[in-house]
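Computation of the quantities below employed the complete heavy-atom set of this structure, encompassing side-chain atoms and omitting hydrogens, waters and symmetry-equivalent molecules. Whatever order the structure lists ligands and atoms in, that order sets their numbers, starting from 1.
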Amino acid sequence: MEKETNAAVFASGGGSNFQALIDKKDEGKLHVNFAVLIGNNSKAKAFERARNHSIPTLHIAPGHFEDENEYTEKLLSELESRNIDLIVLAGYMKMIPRAMIQKYHNRIINIHPALLPSFGGVGMYGKRVHQAVLDYGAKVSGITVHFVDEEYDRGPIILQETAEVLDDDTAETLAERVLKIEHANYWRAVEAFAQGTIRVEGRKVIGKI
Ligand code: GAR
């Protein structure tokens with residue numbers, strides 16, 4: 001049998017996407033080994049979820065280090081020592097160091113709660129994204145799963161799914177609808193990576209999801 005993909009999950013908050021991935025693994029649909037959960041906030045529920053499933057955790061925050069180099073080196077050495085093949089961002093709200101993006105080129109996956117390239121970029125996370133969608137008057141929103149490159153929310157798109165925007169939506173109700181779509185779909189992109197059924201050609205991700 002081929003070696004299972006070793007994944008590191010990065011999360012800052014509730015980690016409901018992380019939980020959905022764990023559940024898909026438990027259902028036998030997702031074939032990755034969750035080698036470690038890394039987060040900048042050890043009180044985040046994502047840490048509790050990892051512990052509940054005996055997934056090792058690492059609390060690493062940029063503020064713990066003298067400078068960005070030290071922070072980057074710590075992250076890289078932890079990833080290397082665990083033979084990480086894939087990094088899954090699941091509501092991770094800190095910038096990923098450039099050296100890490102370059103080393104794990106097309107091996108870092110992010111989920112964004114809107115249809116990129118709209119409603120993305122610096123400062124666009126969580127509720128702010130949904131509020132921006134509503135303020136603009138967009139009729140559909142959705143999710144984008146993409147590889148991470150040097151620019152925020154710009155890397156090659158692996159999958160997108162749409163969500164209806166209703167006349168009486170608030171950022172909360174839209175977030176809830178979009179989050180369900182995130183949970184139902186993020187694992188598909190992770191599994192496609194793990195199974196090696198997708199490849200990147202320029203900006204395009206080609207293959208079977
Ligand atoms: C998710 O909606 C995710 O798409 C979003 O944060 C939420 C995390 O929820 N990510 C971003 O906005 C990234 N720009 P979770 O912690 O419950 O998975």
Side-chain angles (χ1 to χ4, degrees), residues 7-26 30 32 34 36-53 55 57-62 86-97 100-101 108-136 138 140-165 169-190:
V9 178
F10 280 60
S12 298
S16 71
N17 274 291
F18 176 37
Q19 185 67 52
L21 294 174
I22 293 170
D23 294 346
K24 289 293 173 190
K25 182 177 160 75
D26 287 351
L30 177 59
V32 296
F34 292 118
V36 65
L37 170 83
I38 299 178
N40 53 297
N41 173 9
S42 61
K43 300 214 165 59
K45 184 140 186 225
F47 275 75
E48 193 185 314
R49 296 182 194 274
R51 285 192 295 269
N52 288 343
H53 292 270
I55 297 167
T57 59
L58 272 177
H59 177 208
I60 303 179
L86 170 68
I87 293 160
V88 178
L89 306 184
Y92 187 63
M93 303 305 176
K94 295 282 168 193
M95 196 69 192
I96 301 290
M100 196 174 125
I101 294 174
I108 306 177
I109 298 180
N110 181 44
I111 188 160
H112 183 76
L115 296 173
L116 293 175
S118 293
F119 309 112
V122 180
M124 278 296 204
Y125 55 86
K127 289 276 155 64
R128 291 179 186 206
V129 178
H130 305 295
Q131 194 56 57
V133 167
L134 295 177
D135 291 347
Y136 198 83
V140 287
S141 189
I143 68 162
T144 304
V145 180
H146 65 96
F147 286 111
V148 170
D149 72 4
E150 284 85 351
E151 191 137 330
Y152 229 77
D153 292 335
R154 182 192 63 181
I157 292 172
I158 305 169
L159 71 77
Q160 291 185 303
E161 296 288 339
T162 57
E164 224 183 331
V165 177
D169 262 336
T170 61
E172 286 72 25
T173 59
L174 180 57
E176 201 179 312
R177 190 173 315 114
V178 169
L179 196 59
K180 280 194 188 132
I181 298 172
E182 295 186 49
H183 296 165
N185 289 284
Y186 200 8
W187 71 277
R188 295 172 51 225
V190 178

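Of all atoms in ligand 1, listed by their number and element, those nearer than 4.0 Å to a heavy atom of Gly126 are 12 (O). Taking every non-hydrogen atom of Gly14 and a distance limit under 4.0 Å, the qualifying atoms of ligand 1 come out as 16 (O). Atoms of ligand 1 lying under 4.0 Å from any heavy atom of Tyr125, numbered from 1 in the order shown and given with element: 12 (O), 14 (N).
The nearest heavy-atom contact from the protein to atom 10 (N) of ligand 1 is Ile111 O, 3.7 Å. If you check which protein heavy atom lies closest to atom 6 (O) of ligand 1, you get Met93 CE, 3.4 Å. For atom 11 (C) of ligand 1, the closest non-hydrogen atom of the protein is Pro113 CD, 3.6 Å. Among protein heavy atoms, atom 17 (O) of ligand 1 sits closest to Ser16 OG, 2.6 Å. If you check which protein heavy atom lies closest to atom 9 (O) of ligand 1, you get Asn17 ND2, 4.1 Å. For atom 16 (O) of ligand 1, the nearest non-hydrogen atom of the protein is Gly15 N, 2.7 Å.
Exactly one of Asn185, Ile181, Ile143, Thr144 qualifies for a side-chain contact (heavy atoms from CB on, under 4.5 Å) with Gln160. That residue is Thr144. Shown are Val145, Val88, Asp153; of these, the side-chain contact (heavy atoms from CB on, under 4.5 Å) with Asn110 is made only by Asp153. Of the listed residues (His183, Lys24, His53), just one forms a side-chain contact (heavy atoms from CB on, under 4.5 Å) with Gln19, and that residue is His53.
Between Val140 and Val133, the closest side-chain pair of non-hydrogen atoms is not below 4.5 Å.
The minimum heavy-atom distance between His112 and Phe119, with the atom names listed, is NE2-O, 2.7 Å. Across all non-hydrogen atoms, the minimal contact from Gly14 to Lys45 is O-CB, 3.6 Å. Heavy atoms only, all atoms of each residue included: Ala175 and Lys127 are closest at CB-CE, 3.9 Å.
Considering backbone and side-chain atoms alike, Asn110 places every N or O at 3.5 Å or more from each N or O of ligand 1. Checked against a 3.5 angstrom limit, the closest N/O atoms of Phe18 and ligand 1 fall outside it. The shortest N or O to N or O distance between Leu179 and ligand 1 is not under 3.5 Å. Considering backbone and side-chain atoms together, Asp153 places no N or O closer than 3.5 Å to any N or O of ligand 1.
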Side chain to side chain contact (heavy atoms under 4.5 Å, CB included) between Ile108 and Phe147, worked out:
CA-CA 6 Å; Ile108 306 177; Phe147 286 111; over 6 Å; no
If you apply the rule side chain to side chain contact (heavy atoms under 4.5 Å, CB included), what do you find for Trp187 with Lys25, and how did you get there?
CA-CA 9 Å; Trp187 71 277; Lys25 182 177 160 75; over 6 Å; no
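Judged by distance alone, with hydrogens and angles left aside, the side-chain atoms of Arg49 form a donor-acceptor pair with the main-chain N or O of Gly15 at under 3.5 Å. Side chain of Ser12 to main chain of Met93: a donor-acceptor pair is present (N/O by atom type, distance under 3.5 Å, no hydrogens or angles).
When the options Lys127, Glu182, Arg49, Gln19 are ranked by their closest heavy atom to atom 4 (O) of ligand 1, first place goes to Glu182. Here the shortest heavy-atom distance to atom 8 (C) of ligand 1, taken over Gly91, Gly121, Ala20, belongs to Gly91.
Ligand 1 is never approached by Lys45 to a heavy-atom distance shorter than 4.0 Å. Residue-ligand proximity: Met124 is placed with a non-hydrogen atom under 4.0 Å from ligand 1. For the pair Ala11 and ligand 1, no heavy-atom separation below 4.0 Å is found.
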